[in-house]
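What you are looking at is a predicted structure, and each value in this text was computed from that prediction instead of being measured.
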Amino acid sequence: MISNLLAALFATFALGPLQAEIERHAVAAGQPAETVRQSQACLSSEVPALARRASEDTFWTISTVIGLSTGWSSPANLLDKSNPDCAPIIKLIPGSGEGADEA
């Protein structure tokens, strides 16, 4: 029961803002609508694993939510850099460390 509550809190405070952050940076960067669709594909492939981890690892869930809420960690850290749908999206998010390498 507690694991379900943690997974719900994680979805509310981590996954929702992650999608909003991706869409905001895609629009600000003048990315085409395809980028937003790609971000949705990225999240749809990543969310099940993140939700499972959130329900199984209480410490990770709490520290991730706090880190994202306070700005101590980047939402890009939740995404798998090796996922071909996620790699271009990660570069759009400031603080991911990926964009700085290319500048």
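Between E46 and C86, the closest side-chain pair of non-hydrogen atoms falls below 4.5 Å. For the pair F59/T64, no side-chain contact is recorded, criterion being any heavy-atom separation below 4.5 Å from C-beta on. Contact check for L79 versus L43: side-chain heavy atoms found under the 4.5 Å cut-off. No side-chain heavy atom of I90 sits less than 4.5 Å from a side-chain heavy atom of D80.
With sequence neighbours left out, the side-chain hydrogen bond (donor to acceptor under 3.5 Å, both in side chains) criterion links S45 to N83.
Residue I66 holds its CD1 atom at 10.5 Å from OG of S73, rounded to the nearest 0.5 Å. Atoms CG and OG, from D57 and S63 in turn, are 7.5 Å apart once rounded to the nearest 0.5 Å. Once rounded to the nearest 0.5 Å, the distance linking OG1 of T58 with CZ of R53 reads 12.0 Å.
Nearest approach of D85 to A41, heavy atoms of both residues: OD2-CB, 3.8 Å. Minimum interatomic distance between V65 and S69 (heavy atoms only, all atoms of both residues): O-OG, 2.7 Å. Between P48 and S44, the shortest heavy-atom distance links the atoms CD-O, 3.3 Å.
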